[in-house]
2 protein chains.
Amino acid sequence: MIGIDEVARAAGVSTTTVSRALSGRGRVSEATRERVRQTAERLGYVVTAAAATLASGRAQNVGVVVPLLDRWFFATVLDGIAAQLAPRGYDLTLYALTDDPAQRRGLFETSLRRRRVDGLIVLSGLLTDDEVAHVTGLGLPVVGLGVPRGDFPSLRVDDTAVGRVATEHLLQRGHRDIAHISESLPATSPADPEFEIPSRRRRGYEAAMADAGIRAPRFAEADFTIDGGRRAAHALLRSAEPPTAIFAASDEMAYGVLTAARELGLSVPGDLSVIGVDGHVLAGLFDLTTIDQFPHAQGERAGEAILAALEAPTPAEAGLAAASLPFELVVRGSTAGPPA
Amino acid sequence: MIGIDEVARAAGVSTTTVSRALSGRGRVSEATRERVRQTAERLGYVVTAAAATLASGRAQNVGVVVPLLDRWFFATVLDGIAAQLAPRGYDLTLYALTDDPAQRRGLFETSLRRRRVDGLIVLSGLLTDDEVAHVTGLGLPVVGLGVPRGDFPSLRVDDTAVGRVATEHLLQRGHRDIAHISESLPATSPADPEFEIPSRRRRGYEAAMADAGIRAPRFAEADFTIDGGRRAAHALLRSAEPPTAIFAASDEMAYGVLTAARELGLSVPGDLSVIGVDGHVLAGLFDLTTIDQFPHAQGERAGEAILAALEAPTPAEAGLAAASLPFELVVRGSTAGPPA
DNA sequence: CTGAAAGCGCTTACAG
DNA sequence: CTGAAAGCGCTTACAG
């Protein structure tokens with residue numbers, strides 16, 4: 001394999017100069033720089049990552065911690081992150097977060113500590129205190145995206161407002177009996193309900209209901225899957241007094257609600273109105289009203305934020321203030337007034 | 001940051017021994033190994049990736065080239081790969097493949113050549129001759145998954161059989177007028193139709209039709225998206241003699257067909273039968289008959305294959321013969337007999 | 001089974 | 001603007 005010394009020889013300069021010319025760090029005359037660049041290109045020389053990292057302390061690599069890789073939302077965010085990093089010459093190393101305790105220990109105690117990355121993006125997911133301590137203990141810039149913790153700078157949508165907007169949309173359509181389906185935090189959860197997404201959406205829902213003078217809001221628990229939404233909706237819709245509208249905390253849960261409605265012979269929106277959250281790529285197909293939270297753009301923002309932190313001259317300038325991300329109500333055919 | 005020499009001092013051995021004890025390479029007495037391990041754990045020492053890579057030539061990292069990260073199919077395959085790599089201590093670096101020529105050049109000519117990874121998994125996508133040459137020129141083990149080229153070992157489903165099985169299912173239901181929707185290769189494509197997935201599925205479809213004595217099979221071109229399927233279906237269904245059944249080359253295209261049918265007031269399967277391919281997670285929700293190709297398992301297989309190649313004592317033993325992946329017809333409510 | 005020492009391929013003060 | 005040399009933190013023949 002061709003190394004930096006061969007390029008130096010061919011260009012008639014020292015390896016020092018080759019390094020400087022190629023990296024753009026340090027002063028080199030324009031003529032020399034150009035000659036070195038062309039020589040490197042001609043010889044097909046590319047800097048070896050490991051050597052450059054060891055010598056410089058910079059890996060030119062960003063780690064992304066992702067729960068549920070195969071979920072549309074996270075895959076889309078990831079795509080947005082990749083779109084930012086690649087053009088800037090950064091690679092992206094993926095750290096999948098599972099529910100397996102052994103795998104998580106390996107991730108936080110070993111994988112992440114190999115110093116393979118310069119910075120870390122953590123996508124929403126529940127971390128224990130211990131795990132958060134490991135992340136902050138890395139001494140690396142960290143950007144969270146919807147992470148339910150205040151321990152490091154995190155970009156987030158105002159999820160309380162999301163819950164409120166979704167609920168108010170249904171109220172405006174004339175519904176009073178509106179149920180909310182979401183995940184509920186286990187009592188033992190390390191997450192702070194103040195920051196945690198499902199809790200915030202639920203709070204927005206409850207506030208909107210209270211403002212409308214409606215007591216006893218109805219909540220049904222489900223995990224963030226189609227089937228979770230389907231089961232919860234079945235329970236709700238077969239009760240003595242089925243709601244006329246359901247606000248699901250994700251579009252995938254809302255798909256489950258639509259399935260349950262179909263299985264029970266209910267028409268949407270004739271018998272039941274349904275609204276979700278996310279802006280899922282298939283929501284148009286299902287004619288589902290939703291709150292779009294632009295996940296691809298969220299990924300881009302997270303990518304920009306980590307790059308800013310990495311390239312800021314001083315840590316102070318990194319200025320990773322938690323930023324608020326936009327969202328938007330997209331009205332489609334799944335919401336209408338209540339049945340007469 | 002704590003280094004190997006501190007561990008050596010604390011354990012009362014040389015750094016040589018620490019390295020051997022922690023890596024498992026080379027002989028160390030069991031007692032010494034255990035003592036070193038405990039010392040390392042107590043001090044929170046983890047080997048620095050860059051230093052170990054530079055010294056050993058092993059990066060403990062696998063690269064994955066992915067087109068369309070946000071597509072369910074690829075995200076699911078990726079999840080399968082990650083599930084294999086993580087437990088074996090390998091990290092995963094993502095290389096997103098876009099349509100932008102500059103970005104692709106950067107990927108193949110620079111990013112991939114930084115020697116950040118020990119091996120590469122290339123997910124199905126069209127590569128030019130030049131790009132393939134760059135990949136094979138890396139001198140790294142490479143495993144393709146559905147890659148339309150014979151240049152490196154590739155795991156693949158027998159897509160001709162997939163096309164045949166899907167078509168025969170519709171024939172058995174009594175359909176004669178069956179259309180196929182898929183992507184068609186541009187004339188300038190670098191892909192060999194012998195290997196390329198859409199061509200093979202189409203060939204299976206045509207063969208099944210011919211065997212049933214049906215001339216003039218009907219083909220409509222579309223890209224692999226919901227909207228692509230929707231447009232193609234519109235054209236087909238509004239023609240003078242609309243088909244009674246449509247075989248879409250992916251589930252997402254099939255969703256588009258379902259949408260078109262709904263928009264045209266056609267009932268499925270009353271007026272139109274529809275079958276897709278993939279085993280998409282939402283296919284059950286759409287009640288869509290499909291050919292499941294188990295993408296998560298495909299990812300696991302690709303992960304196993306690259307690990308086997310990396311850990312084989314000799315390149316010969318790596319034995320990356322192209323393997324054939326399973327698929328399965330899953331019959332649901334979207335297919336029935338033709339209208340009377 | 002264990003260790004001293006060379007070396008992996010770069011980057012970067014330091015000096016000129 | 002340019003270069004000689006030290007050093008980044010490990011691994012691994014080689015020798016014992």
Side-chain angles (χ1 to χ4, degrees), chain A residues 1-37 39-40 43-61 89 91 110 113-118 139 310 313, chain B residues 1-37 39-40 43-61 89 91 110 113-118 139 310 313:
Chain A
M1 210 201 62
I2 150 148
I4 196 174
D5 47 345
E6 299 176 58
V7 177
R9 214 173 304 134
V13 294
S14 69
T15 58
T16 306
T17 297
V18 174
S19 176
R20 286 201 273 247
L22 261 28
S23 71
R25 294 173 181 266
R27 23 216 82 261
V28 184
S29 75
E30 197 40 63
T32 306
R33 183 186 305 280
E34 198 42 38
R35 181 155 41 91
V36 171
R37 285 215 168 127
T39 307
L43 299 181
Y45 170 73
V46 173
V47 174
T48 300
T53 301
L54 185 58
S56 72
R58 280 172 268 107
Q60 292 281 108
N61 193 17
D91 286 343
T110 307
R113 307 192 60 206
R114 286 198 263 245
R115 318 205 70 81
R116 202 188 280 285
V117 300
D118 299 316
L310 292 178
Chain B
M1 209 203 64
I2 149 149
I4 195 174
D5 48 343
E6 298 175 60
V7 177
R9 212 173 306 133
V13 294
S14 68
T15 58
T16 307
T17 297
V18 173
S19 176
R20 285 202 273 247
L22 260 28
S23 72
R25 293 172 182 267
R27 22 216 82 262
V28 184
S29 75
E30 197 41 61
T32 306
R33 183 186 305 280
E34 198 41 39
R35 182 155 42 91
V36 171
R37 286 211 168 131
T39 306
L43 300 181
Y45 170 71
V46 173
V47 174
T48 300
T53 300
L54 185 58
S56 72
R58 279 172 268 106
Q60 292 280 108
N61 193 16
D91 285 343
T110 307
R113 306 191 61 204
R114 284 198 265 245
R115 317 206 72 79
R116 205 188 277 285
V117 301
D118 300 316
L310 292 179

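Everything numeric here is computed off the predicted structure, so don't read it as measured data. Sequence lines set the chain letters: A, B, ... in the order given, protein chains first and strands last, and positions in each chain run from 1.
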Phosphate oxygens OP1/OP2 of dC1(C): is one of them under 4.0 Å from a side-chain N or O of S29(B)? no
If you count heavy atoms of other groups shown closer than 6.0 angstrom to CZ of R114(B), is the number above 12? yes
Between the protein and nucleotides 4-7 of chain C, list every N/O to N/O distance that falls short of 3.5 Å.
residue	atom	partner	partner atom	Å
dA4(C)	N7	T16(B)	OG1	3.4
dA4(C)	N6	T16(B)	OG1	2.8

Over all strands shown, is R58(A) touching base, sugar-phosphate only, or nothing at heavy-atom distances under 4.0 angstrom? sugar-phosphate
Would you mind reading off the distance between R116(B) atom CZ and dG9(C) atom C1', rounded to a whole angstrom? 15 Å
Taking only residues at least two apart or on different chains, which pairs with a member in residues 13-22 of chain A satisfy side-chain hydrogen bond (donor to acceptor under 3.5 Å, both in side chains)? S14(A)-T17(A)
Hey, which sits more toward the 5' end of DNA chain D by its nearest nucleotide, T17(B) or L54(B)? L54(B)
Just how far is it from atom CG of L54(A) to atom CG of L54(B), taken to the nearest 0.5 Å? 6.0 Å
Using a cut-off of 4.0 Å on non-hydrogen atoms, how would the nucleic acid contact of T53(A) be classed: base, sugar-phosphate, or nothing? nothing
Base-pair string, DNA chain D, Watson-Crick plus G-U, cut-off 3.5 Å on both distances, | for inter-strand, is |||.||||||||.|||
Can you tell me how far OG1 of T39(B) sits from CZ of R9(B), rounded to the nearest 0.5 angstrom? 12.5 Å
Let me spell it out: for each of T32(B) and S56(A), pick the nucleotide of DNA chain C with the closest heavy atom. Which residue's pick is nearer the 5' end? T32(B)
Would you say S19(B) reaches dT12(D)'s phosphate, i.e. side-chain N/O to OP1/OP2 under 4.0 Å? no
Side-chain donor/acceptor of D91(B) to backbone N/O of N61(B), under 3.5 Å: no
Give, for atom CD1 of I2(B) and atom CG of L43(B), the distance between the pair rounded to the nearest 0.5 Å. 4.0 Å
Check whether any side-chain N or O of S56(A) sits under 3.5 Å from a backbone N or O of R58(A) as a donor-acceptor pair, and report yes or no. yes
Donor-acceptor check, side chain of E6(B) to backbone of G3(B), threshold 3.5 angstrom: yes or no? yes
